[in-house]
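FYI, side chains are in, hydrogens and waters are out, and symmetry mates aren't considered; it's all heavy atoms of this structure. Below, read A as the first sequence line, B as the second, and so on, with proteins coming before strands; counting in each chain starts at 1.
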Number of protein chains: 2
Amino acid sequence: MKRKITLKQIAKELDVSISTVSKALRNSNEISDDTKEKVQAFARLYSYRPNNIALSLKNRKTKTIGVIIPEIVHYFFSMVIRGIERVALDRHYNVIVGLSNESFDKEVINMETLANGSIDGFILSVSKETLFKQDYHHFNETINQGMPIVMFDRIINEIQCDKVIVDDIEGSKKAVNKLIGNGCTHIALISTKDYVSVGRLRTEGYMNALIEHQLPVNPDLILKVDDKLESEDYLEELEGKVEQLFKENKNLDAVFAVNELYAVTAMKVARKLGLSIPDDVQVIGFTDGVLSRHATPTLTTIKQHGHYLGEQAANLLIDRLENDIEIDEEDEVYQTLVIETELIERESTK
Amino acid sequence: MKRKITLKQIAKELDVSISTVSKALRNSNEISDDTKEKVQAFARLYSYRPNNIALSLKNRKTKTIGVIIPEIVHYFFSMVIRGIERVALDRHYNVIVGLSNESFDKEVINMETLANGSIDGFILSVSKETLFKQDYHHFNETINQGMPIVMFDRIINEIQCDKVIVDDIEGSKKAVNKLIGNGCTHIALISTKDYVSVGRLRTEGYMNALIEHQLPVNPDLILKVDDKLESEDYLEELEGKVEQLFKENKNLDAVFAVNELYAVTAMKVARKLGLSIPDDVQVIGFTDGVLSRHATPTLTTIKQHGHYLGEQAANLLIDRLENDIEIDEEDEVYQTLVIETELIERESTK
DNA sequence: TTTCAACACGAAAACGTTTTCGTTGTCAAT
DNA sequence: ATTGACAACGAAAACGTTTTCGTGTTGAAA
């Protein structure tokens, strides 16, 4: 077992100073060709690589970005991570991942442990509990310490930082417009409670589409289910609610759901009630994940381009990190990028 | 914007030495209560937190573990990460994630950039290309440098390190035994090429079960598809192969597939051919992911407990890191943990 | 022979900690 | 008055780099 070699050891072996070794390796012209040769050969032989930690300490930057997401076993979020990791690798950054698990405390802890020098900036999507409590002190504190944050998807408008969001309103409108275009008039919405920004926005898009087509917004057709029902553990309860929705609205001819799970559940319930998809009921979901592609029937859905979103977020953060000309003034200007959605038509619509 | 405060600044403000501040904050009894009070109050006021990078450099350990996986948009792998992250958080470690994307080069690059001081040890699952090329130099080198590795799921027997694996052979046997118990006699296998360890092992389990029940192993019933067909981009090609399998074996009465995608594809093809599940054909998959739970019909499958596997892997690594009494001798003893599988019965079997 | 530039290299500081080992000053015991 | 112990603190090294600023040596120009 040969431990990693350092400049000091090379210097001692070759009987030169540490500075000489450092310069020789960086091809400084302060050093004679002879010495360079010697040093570089030796370094190659022992496969010297500079210690990242020492570099980080010296440069006061770690070339690492911290990503905090509520959940990783989730198509959209893992797709975003993939995008982040891709540009991070390209631009020579590392990615530290923290999971909030939708918990405020874990979000805070994760951020605090990372903010003490381990990373140069954050990319994050806010946990539901944080959105609910509306306690944003940890975001403000990190920003105040000069550490940039890029928020994505679940964002907080009041926080001054770069943001990348999916065009939820437009996306939902696309979906509902499609249903309307297909002749549906009693379109149900299955959404989350309003404090989850994406649920609120997608609801807004749904209503906008209806209003624009002068269709009535019928509250009975809107089901806002509790968060916990997004967990696999409460599937039956979710199914119950959806079944109730179907039974109380016999004229229902379409469903727009704000995520995959709600959409496939709607399809399952419809099938159970003897309704045919897409003939009796048409269904559109949100997120073009593995479920949408392999459900029966395959699900028409709104694709969010999570991979691209991740790339944009990472570029935004790294750009800011590297352009840090210490503007420092209070006139920092932040961007909000909006990622267009795409309607993917499959078998669940006509 | 107030930058993070350091010991030096506190020392200057309070007109004491850096050492005094450091000791006062750690409650050393070398320091008078008066001074402690003063320093601690000041530190609290400015919310001082020690700089992780400086600590890492001093202690020569980063309290960070590097995780390299082939793919993150994948139920099993993201479940493992969740497990790793959970114990990492508990035991005060960070998690850096690198994706090899099944590429040898990316695996090597990711490992090289992390191995230079950024992390204390690796948890990884080997990329397919690496398994195929059988080039393991990067693993040997990192281990030789004294950096521990824990391999999981896709492991390499020749490499001396801790391992955590799913009991693939037993798991497959359970599945096939179930099918046999249900009266099936012509059980097809849809697997990957043999160089992917899990494909090989699951094939072995399949054969073992047949042999133990004195059923013939019919090569025509074994479909080993190319890796690329695991990608969503080659769905049609995969479907073609599976359809061919069905057509050439009219007596086929069950399918055991080594992953979810193959299993749902088999169900889709069966349905297309007018076969009813589970009456005409019974299907069992591997990995209890979102697909299995929401496919139509829901899929009987072998659950791998990826979350638990991740926890075990992380504990194994951290234990080794913290017990590093520099054994250093060549008599290091490594463990291989085997995680039991579980048969989850659903609608695709009788 | 003197002077000066160019060359090749080394010393030291700095990044932010922790820790070892002094160095004072005070007070009690001899 | 001398010794010793103890309390309270500081200086400095160390972790591994990079970089600035010397410094000594050489050779050529004056």
Tell me the closest heavy-atom pair linking A:T62 and A:G117, and the distance in Å.
CG2-O, 2.9 Å

Non-hydrogen atoms of B:H138 and B:T142 that approach each other most closely:
O-OG1, 2.9 Å

Rounded to the nearest angstrom, tell me the gap between atom [atom1] in [X] and atom [atom2] in [N].
X     : N      : atom1 : atom2 : answer
A:L55 : C:dA14 : CG    : P     : 19 Å
B:L7  : C:dA14 : CG    : C1'   : 15 Å
A:L25 : D:dT19 : CG    : C1'   : 15 Å
B:Y48 : C:dG16 : OH    : C1'   : 7 Å
B:K63 : C:dT18 : NZ    : P     : 14 Å
A:K61 : D:dT18 : NZ    : C1'   : 14 Å
B:K8  : C:dA14 : NZ    : C1'   : 7 Å
A:I53 : C:dA14 : CD1   : P     : 22 Å

To the nearest 0.5 angstrom, please state how far the CD1 atom of A:I96 sits from the CD1 atom of A:I65.
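The distance works out to 10.0 Å.
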
Using distance alone, with no hydrogens and no angle criterion, decide if A:S17 and A:T20 have a side-chain donor and acceptor under 3.5 Å apart.
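Yes - a donor-acceptor pair under 3.5 Å links their side chains.
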
B:L57, nearest nucleotide to its side chain (from C:dT17, D:dT18, D:dG16)
D:dG16

Of the listed nucleotides (D:dT18, C:dG16, C:dT18), which one gets closest to any side-chain atom of A:R26?
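Minimum distance to the A:R26 side chain belongs to D:dT18.
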
5' to 3', nucleotides 6-13 of chain D under a 4.0 Å protein heavy-atom cut-off (B base, S sugar-phosphate only, - none) gives --BBBBB-

Answer yes when B:R82 and B:E311 have at least one side-chain N-carboxylate O distance shorter than 4.0 Å, and no when they do not.
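No, B:R82 and B:E311 are not salt-bridged.
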
Could you tell me whether A:D33 and A:K38 make a salt bridge, using a distance below 4.0 angstrom between a side-chain N and a carboxylate O?
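No salt bridge links A:D33 with A:K38.
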
Whether the side chain of A:D162 engages the backbone of A:Y334 through a donor-acceptor N/O pair (distance < 3.5 Å, no angle test) should be reported.
no

Determine whether a donor-acceptor pair (N or O, by modelled atom type, separation under 3.5 Å) exists between the side chain of B:N116 and the backbone of A:P50.
no

Between the protein and nucleotides 25-27 of chain C, which nitrogen or oxygen pairs are less than 3.5 angstrom apart?
none

Is the shortest side-chain N/O distance from A:R60 to OP1 or OP2 of C:dG16 below 4.0 Å?
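Result: yes.
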
Extract all donor-acceptor atom pairs below 3.5 Å that involve side chains of residues 21-28 of chain A and protein atoms in other chains or at least two apart in sequence.
residue, atom, partner, partner atom, Å
A:K23, NZ, A:E30, OE1, 3.3
A:S28, OG, A:E30, N, 3.0

Over all strands shown, is B:T6 touching base, sugar-phosphate only, or nothing at heavy-atom distances under 4.0 angstrom?
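Touches sugar-phosphate only.
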
